[in-house]
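Structure, as structure tokens:
None of the values given here were measured: they were computed from a predicted structure. Along the sequence shown, residues are numbered consecutively beginning with 1. Just follow the structure's listing: the first ligand is 1, and inside any ligand the first atom is 1.
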Amino acid sequence: MRIAVFASGGGSNFQSIVNATALKTLSAEVVLCVASRPEAGVIARSKRAGIPVYILNGTIEDNISELVNVLGNHKVTMIALAGFMRKIPRDLILLYPDRILNIHPALLPEFGGPGMYGSRVHQAVVASGSLVSGATVHLVDEEYDSGPIILQETVPVLPTDTAESLAARVLITEHALYPKALQLFAQNRIKLIDRKVSFIESQKS
Ligand code: GAR
């Protein structure tokens with residue numbers, strides 16, 4: 001499986017995916033990083049890892065034909081959004097059916113949707129009085145945070161938590177969860193029926 005990671009921020013999830021490929025807990029290769037802005041910290045991480053970077057100049061729609069060419073040139077078979085703050089247009093979703101994943105820093109379908117990203121998510125969770133939060137890896141469809149859920153893991157919300165302390169705890173869980181979800185795809189273990197996921201047992205060798 002040949003992964004392109006799309007990111008807008010520091011890229012700690014990008015790093016966890018690259019690390020998992022190096023450790024061979026993820027049987028895949030990260031072949032491309034797509035950054036939404038030239039200041040994104042993920043760019044330096046990608047260069048350090050020797051992975052080519054494509055920087056979007058504007059929205060995906062503005063760059064769609066060039067982006068599709070770049071993805072094709074690198075023979076990308078899976079797209080992983082990791083803190084990517086741009087909407088994925090229908091054209092790209094149609095080109096990679098059930099092959100675009102996103103990680104969200106809460107337990108979807110709660111605390112998701114338009115405007116719910118980064119620290120806003122954790123602020124809303126803390127304000128709600130919820131005792132649990134967590135991370136969700138899901139397939140991307142045309143609505144924000146609404147595609148089929150692949151994996152989730154819970155994280156406790158402590159009475160003393162701020163959005164920042166909760167974000168840090170959730171991020172640690174994200175770093176383990178995203179490579180695990182990608183590995184299910186690498187091993188062809190995902191079956192979708194009526195937009196609901198089931199897992200095919202791994203083959204013992
Ligand atoms: C992560 O917490 C990710 O779940 C979140 O942005 C952060 C990126 O961190 N994504 C969203 O909020 C998308 N709705 P990173 O750049 O260190 O991987």
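- No side-chain heavy atom of K196 sits less than 4.5 Å from a side-chain heavy atom of K191.
- If you look at E174 next to ligand 1, the close heavy atoms, those under 4.0 Å, all belong to the side chain.
- Counting atoms of ligand 1 from 1 in the listed order, those under 4.0 Å from a heavy atom of G83 are 6 (O), 8 (C), 10 (N).
- With hydrogens and angles disregarded, a donor-acceptor distance shorter than 3.5 Å links the side chain of Q152 to the backbone of L108.
- Looking at ligand 1, you'll find an N or O of N13 within less than 3.5 Å of one of its N or O atoms.
- D161 places a side-chain N or O within 3.5 Å of a backbone atom of L158 that can act as its donor or acceptor partner.
- Taking a 4.0 Å cut-off on heavy atoms, M116 registers as neighbouring ligand 1.
- Under 3.5 Å, the side chains of N19 and S16 contain no donor-acceptor pair of N or O atoms.
- At a heavy-atom distance under 4.0 Å, no atom of V170 approaches ligand 1.
- At under 3.5 Å, not a single nitrogen or oxygen of D145, backbone or side chain, sits near a nitrogen or oxygen of ligand 1.
- Listed by atom number, the atoms of ligand 1 under 4.0 Å from L171 heavy atoms are 2 (O).
- Side-chain contact check for S119 and E164: no donor-acceptor pair (N or O, by modelled atom type) lies under 3.5 Å.
- Protein heavy atom nearest atom 15 (P) of ligand 1, with residue, atom name and distance: S12 N, 3.4 Å.
- Protein heavy atom closest to atom 13 (C) of ligand 1, with residue, atom name and distance, is I103 O, 4.0 Å.
- Electrostatic pairing of R90 and D141 does not count as a salt bridge here, judged by no charged N lying under 4.0 Å from a carboxylate O.
- For atom 14 (N) of ligand 1, the closest heavy atom belonging to the protein is H104 ND1, 3.4 Å.
- No heavy atom of V121 sits closer than 4.0 Å to any atom of ligand 1.
- When atom types are taken as modelled, the side chain of R45 and the backbone of F14 share no donor-acceptor pair closer than 3.5 angstrom.
- Distances from ligand 1 to the non-hydrogen atoms of G11 include at least one value under 4.0 Å.
- Both tests hold for K87 against Y144: distance to the six-membered ring centre under 6.0 Å, angle to the ring axis within 45°.
- The protein heavy-atom contact nearest to atom 11 (C) of ligand 1 is P105 CD, 3.7 Å.
- If you check which protein heavy atom lies closest to atom 12 (O) of ligand 1, you get G118 N, 2.9 Å.
- N13 places no side-chain N or O within donor-acceptor distance of the main-chain N or O of A82, the cut-off being under 3.5 Å.
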